[in-house]
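Single-structure report; data block below.
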Amino acid sequence: MKLIWLEDLLAVSQCGTLLRAAQQRHVTHPAFGRRIKALEDWAGTALIDRSTYPLKLTAEGEQLLGVAQDVGASLSELRGRFREKTTLSRTSVRIATGRTLGRTQLPALLAAHAGLLGKHSVHIKTGSVHDAAQLLEAGDADLLLTYAHPDFPITLDPALFEHRTVGHERLLPVCAADRKGRPLHAITPSKRFALLAFNQSLILGRIVESHLRIDQLKLKAQTVVEADFAETLHECARLGLGVAWLPEILVRREIESGALAIAAKIAPIQIVVRIYRSRAPNRNALANALFEATII
């Protein structure tokens with residue numbers, strides 16, 4: 001089977017005669033006839049009804065034509081994606097990250113290296129750490145920005161991908177404050193507290209739950225809201241619905257102003273932020289430069 005034979009069949013269906021189809025395909029009439037015969041030999045059946053004028057395809061020919069059109073459309077779409085990817089690799093960088101990091105660390109990182117990026121564009125894709133890592137593995141992202149925690153390692157092959165630390169995050173247990181600046185949902189040894197939790201599909205959800213167990217707070221926590229976006233939990237905390245462990249960068253100003261309060265006198269959760277890239281030699285030059293520049 002050759003792809004040009006499928007294109008030949010499409011030409012016959014459009015032109016109605018082998019002569020005109022051959023002219024459209026820029027080959028001689030005899031050569032075109034041989035290619036159609038070769039396609040019919042491959043199919044094991046007649047694909048053109050030669051008893052009519054103009055020519056028509058047989059039922060089998062129509063079926064094969066439908067497949068040929070689908071194949072052509074799929075190949076055209078794939079070719080476009082390849083070309084778009086190649087074009088983007090020259091003029092932009094694609095970064096996969098989590099929803100929270102996309103709000104906290106990534107904008108600051110891009111601002112710090114605005115001179116390096118110049119007029120090039122940055123395409124950001126957010127999702128779970130699993131989804132973001134898959135984008136990097138599949139070549140659909142040039143860089144991965146993610147949290148790193150010893151209990152929840154990123155399972156990227158170190159022979160294929162490398163990383164470096166670019167920052168740290170501190171998660172603080174915060175809740176709304178009363179008029180005197182005291183926490184509305186203070187965590188005490190004697191009572192349960194309302195927890196605003198990250199979904200367990202997110203690495204932040206697993207990290208917070210792990211630390212609740214370590215600090216022996218898990219049994220006292222009653223989850224009242226669960227979300228996969230830090231901004232949602234942030235707003236719920238502001239409205240007095242419970243306690244959320246949130247990145248300090250998100251809540252620092254509100255703690256200073258008294259709108260939010262620290263709900264418990266316990267150590268914040270410390271998390272490392274890493275950036276990953278492929279070790280492949282043909283990686284995006286702009287992404288490579290950004291990776292090399294992002295180090296603490």
Side-chain angles (χ1 to χ4, degrees), residues 81 85 88 92-110 122-158 160-174 195-214 218 221 223-237 241-251 268-279 283-284 287 290-291 294:
R81 287 169 54 191
K85 186 175 180 180
L88 286 175
S92 67
V93 58
R94 301 164 301 167
I95 302 176
T97 190
R99 297 179 184 90
T100 304
L101 281 173
R103 168 66 177 82
T104 59
Q105 299 272 346
L106 184 54
L109 185 151
L110 297 178
V122 178
H123 298 261
I124 300 170
K125 298 181 180 180
T126 62
S128 68
V129 65
H130 174 76
D131 293 339
Q134 280 194 327
L135 289 172
L136 183 66
E137 285 187 306
D140 293 324
D142 304 304
L143 297 171
L144 165 66
L145 187 71
T146 183
Y147 293 118
H149 191 277
D151 294 339
F152 308 101
I154 306 299
T155 55
L156 288 168
D157 188 343
L160 301 177
F161 300 93
E162 60 183 321
H163 69 267
R164 57 175 50 182
T165 297
V166 298
H168 297 87
E169 196 92 274
R170 294 190 346 145
L171 300 183
L172 305 178
V174 298
L195 175 65
L196 308 173
F198 284 100
N199 188 281
Q200 290 298 294
S201 66
L202 303 181
I203 189 171
L204 283 183
R206 299 195 294 275
I207 290 172
V208 171
E209 183 179 46
S210 175
H211 279 262
L212 288 178
R213 289 198 182 98
I214 294 172
K218 180 63 177 175
T223 300
V224 295
V225 174
E226 182 178 286
D228 62 358
F229 192 38
E231 292 284 9
T232 301
L233 300 184
H234 185 188
E235 186 64 15
C236 288
L241 298 181
V243 179
W245 268 257
L246 293 172
E248 184 177 16
I249 191 174
L250 279 183
V251 298
I269 301 174
Q270 303 279 354
I271 311 177
V272 172
V273 180
R274 288 179 180 170
I275 193 167
Y276 285 78
R277 73 173 175 188
S278 170
R279 294 183 184 272
R283 57 181 176 247
N284 182 307
L290 184 59
F291 180 90
T294 51

side-chain contact (heavy atoms from CB on, under 4.5 Å) evaluation trace for His123 with Val93: CA-CA 6 Å; His123 298 261; Val93 58; over 6 Å; no
Please step through side-chain contact (heavy atoms from CB on, under 4.5 Å) for the pair Asp142 and Phe291, ending with a clear verdict. CA-CA 10 Å; Asp142 304 304; Phe291 180 90; over 6 Å; no
Which is it for Val225 and Leu233 under the side-chain contact (heavy atoms from CB on, under 4.5 Å) test, yes or no, and what are the steps along the way? CA-CA 8 Å; Val225 174; Leu233 300 184; 4.1 Å; yes
Run Glu248 and Leu171 through side-chain contact (heavy atoms from CB on, under 4.5 Å) and show every step you take. CA-CA 6 Å; Glu248 184 177 16; Leu171 300 183; over 6 Å; no
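With values rounded to the nearest 0.5 angstrom, His163 atom NE2 is found 11.5 Å from Ile275 atom CD1. Going from atom CD1 of Ile207 over to atom CD1 of Ile271 covers 4.0 Å, rounded to the nearest 0.5 Å. Interatomic distance, Gln270 CD to His168 NE2, rounded to the nearest 0.5 Å: 8.0 Å. Of the inter-residue distances, the one linking Leu160 atom CG with Glu137 atom CD reads 8.5 Å to the nearest 0.5 angstrom. Taking CG from Leu143 and OG1 from Thr97, the interatomic distance works out to 10.5 Å, rounded to the nearest 0.5 Å. Atom-to-atom distance recorded for Arg170:CZ and Leu246:CG is 13.5 Å, nearest 0.5 angstrom.
Closest approach of Gly205 and Gln200 over heavy atoms only: O-NE2, 3.0 Å. Closest approach of His234 to Leu250, counting heavy atoms only: CE1-O, 3.5 Å. A pairwise comparison of heavy atoms in Ala141 and Ala96 identifies CB-CB, 3.8 Å as the closest pair. Smallest separation of non-hydrogen atoms from Pro247 and Tyr147: CG-OH, 4.4 Å. Of all the heavy atoms in Pro268 and Leu172, the pair that sits closest is CB-CD2, 3.4 Å. Residues Arg94 and Gly139 share a closest heavy-atom pair of NH2-O, 3.1 Å.
Looking only at side-chain heavy atoms (C-beta outward), Val129 and Leu144 stay at 4.5 Å or farther from each other. The shortest side-chain heavy-atom distance between Val224 and Leu196 falls under the 4.5 Å cut-off. In this structure, the side chains of Val273 and Thr146 stay at 4.5 Å or more apart for every pair of heavy atoms. Side chains of Val243 and Trp245 form a contact here, defined as non-hydrogen atoms less than 4.5 Å apart.
Side chain of Asn199 to main chain of Leu202: no donor-acceptor pair is present (N/O by atom type, distance under 3.5 Å, no hydrogens or angles). Side-chain N or O atoms of Ser210 include none that pairs as donor or acceptor with a backbone N or O of Arg206 at under 3.5 Å.
The side chain to side chain contact (heavy atoms under 4.5 Å, CB included) with Ile95 is formed by just one residue from the set Leu136, Leu101, Leu106; it is Leu106.
A cation-pi contact, defined as under 6.0 Å to the ring centre and within 45° of the axis, is absent between Arg99 and Phe229.
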